[in-house]
Every structure is written in C-alpha cells, then in structure tokens.
Amino acid sequence: MLEPSEKIWMDGSFVSWEEAKVHILTHSLHYGLAVFEGIRCYKGKNGSAVFRLQEHVQRLFDSAHIGMMGIPYDRKHIADAIVETVRVNRLDACYIRPLVYIGYGAMGVHPGNNPVRVAIAAWKWGTYLGEDALTKGIRACVSSFTRHHVNAAMTKGKIAGYYVNSIMAKQEAKAAGYDEAILLDAEGYVAEGTGENVFIVRKGKIKTTPLTSVLEGITRNSVIELAKERQLVVEEERFTRDEMYIADEVFVTGTAAELTPVCEIDRRPIGDGMPGPITQMLQKAFFAVVRGEDPAHASWLTPV
Ligand code: PPE
C-alpha cells in the first residue's frame, strides 16, 4: 500500500494529496495516452539528490513528442517543479512520478483540443521487486506475452497505455509464483522486463538488448557507462532465452528496480543461483554513485 506524502504538484501549483483528483471523463483514463516518468531521489553523503533529473525530463518531453502532446511548460519549469515536489514533501529519499495526460473535454479517440495536464507526485518507495531482491536476487519467467511490435507501439515513449502489456505479463508471472516476467520481442529475442531492461554476463562479457523494442532505460545507460569505466566489454546485441539460461549472471535495471540480480529463469538456476561477481560489482558502483560517493559522477545528481 502506497504511503501518502503531503502535496502533489498539479498544473502549476501544489494541492494536498487528498485533493489531487481528476474528472472521471479525463481522456487519458479511457484511452491510455498519457506519458510519465519514474525518477528516484536518494539520500546521500551530501544530502538528498535526484538521480539523472535532466535525462528523465528530456525523456518525458520525448515521450510527449511521440504522443503528440504539447506540454504547456518548458523543461526547466518541469525540472524545478520536480525538485520542489521533493522539497515541499520533506522527503529525503523517494520515488517521483511526473505524469502528462489529456484532460477533460471531448470524448472519442481523437483528443482534439482537450487540455494537456501535468502532475508530479513523490512518495517513499522501497525495494521494487521484494524485500531481499537486491541482495538475494529474483526468480523470473519468460512471459507468454510478446513485447510490443515496433510499429504497434513506440517504446522510446514511456506511454501509459503500453503498460497494459506489462501488467498482463506481471500478473501471469506473479500468479505462477515468480517475482518478474521477461518478455520476448515479436521475433522471439529477449526484449525487457515489465519495468526493467535486461543484462546477461557470459565469460566476463556483458550483453544487453538493443533499443529496438524496449524503453531506453536511464539506469541501463548508467550501468553501461559504469561497466565500461571498469574495462568491461558491453555489447548491445540481441540474445535468446536460452542464452539467458546458460549465462553466468543475469540482472535487470530500472529506476524502481535499481540493479536487481536474477538468480533463476524458468526454473533454471542462473550460474550457481546466487548474485554473480560482476552483478555485485556494478550494483555497488551504482549505489555509490546515487549516494554521492563517486565524485566522477557528481553531475548525475541534482541536489534538493
Ligand atoms: N523498461 C520498462 C518497460 C520500464 O518501465 C522501465 C522503467 C525500464 C525499462 C527502465 O528504465 P529506467 O527507469 O529509465 O532505467 N520502469 C519504471 C516504472 C515502474 C513501475 O512499476 O511503475 C521505473 O522503474 O520507474
């Protein structure tokens, strides 16, 4: 259950958590065209800071551009509002959810001149994939649902309606006793988790899926950089489900999931069934960055 904070930014001003409401005929609620971000703010060595704020704001605007939604604020205004939302709620570590949606006006698929509305909420959000997920790893299955075909959904956009596919896969996985689902693309290659990008490690080499039919993850990008700085080879190349089975290590990345080891896929242990050394090293490096303990990546943090 979500832990309420105090205030939510809606269309330029703060309203109380309880008053942050919309009309039931809000266009996005019916047809699914809304775009959003998931951002984390971490408490670190030098106080609280938002991780890769500019990149998240840019992706929000890119998503809106793909969805042909004109955000009635500029990037700086939204970035400032995000930081202000953390500040007014007096949260030292939290998850931040900006949402751009089509408001009340005409009904019918065509959004016409309905207003484009913006909200920013922040709340405390702990480990995404279960209590021990970060230390012990998770159990995943390959989903019976296929990830979006590139001309049915444009996954460079973080678009609300696309998440129906994730919800289906997640429900199926949870009902079968798994922590997460990994979806294959329309050609049968590994695409992504319901809310994460996927990495495999084999014989010391790292592979992650190319960006064709997956979200361009900001955590994915951060982890690739951290790996390359450590002289690890990272290839953005398609791979199959059996390549995951025989990998030495598998992990997933995402703002909510952070860097989570995957220890079992479709009842096959990955490696020795424990988080592997490269996974652990990258996870450590990632948390050092977000907590402000790695001066080389201070520019990825925006102080609150
Ligand atoms: N793929 C998908 C489909 C996805 O939703 C996310 C983020 C990622 C990859 C990783 O992207 P990034 O956060 O930039 O590293 N998923 C968000 C929503 C999770 C949710 O349940 O809500 C997130 O992690 O914030």
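Just follow the structure's listing: the first ligand is 1, and inside any ligand the first atom is 1. All residue numbers refer to positions in the sequence shown, counting from 1.
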Is there a ring pair (Phe, Tyr, Trp, His ring centres under 6.0 Å) between Tyr31 and Tyr101? Walk through the geometry before answering. CA-CA 11 Å; Tyr31 306 112; Tyr101 59 104; over 10 Å; no
Item checked: Nearest candidate to atom 6 (C) of ligand 1, where distance is taken over non-hydrogen atoms, out of Gly195, Ala257, Gly254 ->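 That would be Gly195.
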Distance to the ring centre below 6.0 angstrom and angle to the axis at most 45 degrees; does that hold for Lys170 and Tyr128?
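The answer is yes; both the distance and angle limits are met.
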Contacting atoms of ligand 1, where contact means under 4.0 angstrom from a heavy atom of [X]:
{"X": "Gly38", "answer": "25 (O)"}
{"X": "Ala256", "answer": "23 (C), 24 (O), 25 (O)"}
{"X": "Glu192", "answer": "1 (N), 2 (C), 3 (C), 9 (C)"}

Assess [X] for proximity to ligand 1: is some non-hydrogen atom of it under 4.0 Å away?
{"X": "Ile39", "result": "no"}
{"X": "Tyr162", "result": "no"}
{"X": "Val214", "result": "no"}

### Nearest neighbour in protein (non-hydrogen) for atom 11 (O) of ligand 1
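Looking only at protein heavy atoms, the one closest to atom 11 (O) of ligand 1 is Gly217 CA, 3.4 Å.
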### Query
Where does Glu196 meet ligand 1, judged by heavy-atom distances below 4.0 Å: at the side chain, the backbone, both, or neither?
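Under 4.0 Å from ligand 1, Glu196 contributes backbone atoms alone.
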**Request:** Kindly compute the distance separating CZ (Phe36) from CG (Leu99), expressed to the nearest 0.5 Å.
**Result:**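 Between Phe36 CZ and Leu99 CG, I get 8.5 Å after rounding to 0.5 Å.
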